[in-house]
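Below: one structure, written as structure tokens.
It should be emphasised that the depicted structure is a prediction, and the values quoted were computed from it without experimental measurement. The sequence lines fix the lettering, A, B, ..., with proteins before strands; numbering per chain opens at 1.
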There are 2 protein chains.
Amino acid sequence: MAKIATTVYEQIRTAILNGELSNSERLVEEDLAVSMGISRTPVREALRRLAAEGLVDVSPNRGARVAEWDVHDLREIFDLRSILESHACELATPRASAAEIEFLENICTEMEELAETDLSSETRLPALAARNRIFHGKIIEMSNSTRLGLLIETLIHVPIVMQTYKVYSPEALQRSLHHHREIVNAMKAGDEVWASSVMRAHVLAAREEILGQPDPA
Amino acid sequence: MAKIATTVYEQIRTAILNGELSNSERLVEEDLAVSMGISRTPVREALRRLAAEGLVDVSPNRGARVAEWDVHDLREIFDLRSILESHACELATPRASAAEIEFLENICTEMEELAETDLSSETRLPALAARNRIFHGKIIEMSNSTRLGLLIETLIHVPIVMQTYKVYSPEALQRSLHHHREIVNAMKAGDEVWASSVMRAHVLAAREEILGQPDPA
DNA sequence: GCTGCTCTATTTGTATACAAAATTTAACGT
DNA sequence: ACGTTAAATTTTGTATACAAATAGAGCAGC
């Protein structure tokens, strides 16, 4: 049986990621404890862990609230993701096996087919988002750098909370899928400069799509 | 008065960073608690916090040990630092004020003077290392990206623990100081590509100096 | 001598109790 | 009516108590 603290951590985490208690809501230790039928101790541990990941803010003697982000945060995050995921491509390309390339190609195909179907947005977009995450996650895994993976993971929370994928325009979606395909082609050709460049552009394009203008001075 | 948990956290942290209890030593909660005259609760919180930062490893029901790193970890870390600090230079250059440039120049001068004096290594190297950290930290601060700073900070622990600066050769030290000077010149000229390129080379040079050959396949 | 087992002792995980701090509420004076 | 101060309540921080899990010592069997 898993530790209670871990269970609590996961519950609060998914609750935040699903936006179920957003809006800088206060997270009172005892309330959470009684609502789960446990003591404050594991709740406390879970909250501290979430604080370390940046999903909640804690102030001394004043408790925890779910963290709040603004446009500037999103800009920072996509900036860093573009750098780090591009680097992941660079590392992954010379290590990529034929099977891994094929795996990525299959995801590309799935996403392209999904984009063509005329399902309602409510079912199509989450399916696309899920595959998008698998695609990016796979490349990060292929980079074989544990720390790189950890750094990116902490950055990814915020966009998920803000559910950015909802605002993608059809043209942007097409461009995004084309980027994916091009990244795989570059990796297949063993061209890490190509692959990492496209990945950089891909993430920055997502940022511009979500935030509007690239850099309002 | 600050929280006990914070005090404990800082104590264990500096103990690890000074290498006072390295070697994957076990950190038993009760032992630490009685040695500090407090209860297990704040010790536990401090250990979890250190675990989140990667300074200790905790296994369920098996407690915490100070984390252990190998050459592969160092390679990963310097790789990521080269990417992230280079990006910091890119962001910092267009934002740099005259006063900030002068501050960096002064540190360069101090380090150059320190390198020329004939003090014994035991006093000279720590002084150089301290200024080196200020130099890099200032540029990161100038980048004005909170998250970038946080990411780099978590990466820096390990090299400090391993006290890498001890192995620098005189020639490498000279090259390193020259890099610093060149970075400042590039920032002064407003040339962010130049600045970030030199920073990238600077960190990778440090990696090669410490790890020997650049990339043994 | 070595391997595997049981039982004990240590150590972690969780619950509860109490103290300190902060927030809310209420009372009071102007 | 307003602001200020002082209780009262809530909530966090720490200590202690107990349960569950792990590690280690000692011993049986080969």
(message) A:Glu45: which residues meet the salt bridge (Lys or Arg N to Asp or Glu O under 4.0 Å) condition with it, sequence neighbours left out?
(response) A:Lys3, B:Arg44, B:Arg48

(request) Would you give the length of the straight line joining atom CD1 of B:Ile101 to atom SG of B:Cys108, rounded to the nearest 0.5 angstrom? (result) 10.0 Å

(request) Strictly below 4.0 Å, heavy-atom distances to any atom of DNA chain D: list the hits from residues 35-48 of chain A, or just say none. (result) A:Arg40, A:Arg44, A:Arg48

(message) Test of understanding: with ring-ring contact (aromatic ring centres under 6.0 Å, His included), list the residues that count as partners of B:His180, not counting sequence neighbours.
(response) B:Phe135, B:His136, B:His202

(message) For A:Thr93 versus A:Ala186, what's the shortest heavy-atom pair and its separation?
(response) CG2-O, 4.4 Å

(message) For A:Asp31 and B:Ala5, find the nucleotide of DNA chain D closest to each by heavy atoms; which residue's nucleotide sits nearer the 5' end?
(response) A:Asp31

(request) Heavy atoms only: give me the nearest B:Ser39-B:Val43 pair and the separation to one decimal. (result) O-CG2, 3.7 Å

(message) Just the rounded figure in Å: distance from C1' of C:dG13 to CZ of A:Arg49.
(response) 14 Å

(message) Between B:Glu30 (side chain only) and B:Arg40 (backbone N and O only), is there a donor and an acceptor less than 3.5 Å apart?
(response) no

(request) Using atom CZ of A:Arg65 as one end and atom P of D:dT11 as the other, report the distance to the nearest whole Å. (result) 12 Å

(request) Mind grabbing the angle between the end helix axes of the helix from C:dG1-D:dC30 to C:dT30-D:dA1? Five pairs an end, 10° rounding. (result) 0°

(request) Find the distance A:Glu30:CD to D:dG13:C1' and express it as a whole number of Å. (result) 13 Å

(message) Within this structure, what is the CG-CG distance for the pair B:Asp57 and B:Leu47, rounded to the nearest 0.5 Å?
(response) 12.0 Å

(request) Return yes when atom NZ of A:Lys188 has more than 12 non-hydrogen atoms of other residues, nucleotides or ligands closer than 6.0 Å, and no otherwise. (result) no

(request) Go through the structure and list residues passing salt bridge (Lys or Arg N to Asp or Glu O under 4.0 Å) with A:Glu112, not counting sequence neighbours. (result) A:Arg181

(request) Quickly work out the B:Leu32 CG to D:dT14 C1' distance and round it to whole Å. (result) 16 Å

(request) Round to the nearest Å and state the distance from B:Lys3 atom NZ to D:dT11 atom P. (result) 18 Å

(request) Return yes if some donor-acceptor pair links the side-chain N/O of B:Ser176 with the main-chain N/O of B:Ala172 below 3.5 Å, else return no. (result) no

(message) Between P on D:dT16 and CD1 on B:Ile4, what's the gap in Å once rounded to a whole number?
(response) 11 Å

(request) Check for a donor-acceptor pair, side chain of A:Asn18 on one end and backbone N or O of A:Glu20 on the other, with a separation under 3.5 Å. (result) no

Close N or O pairs between protein and nucleotides 22-24 of chain D (under 3.5 Å):
residue	atom	partner	partner atom	Å
D:dA23	OP1	B:Arg62	NE	2.5
D:dA23	OP1	B:Arg62	NH2	3.0

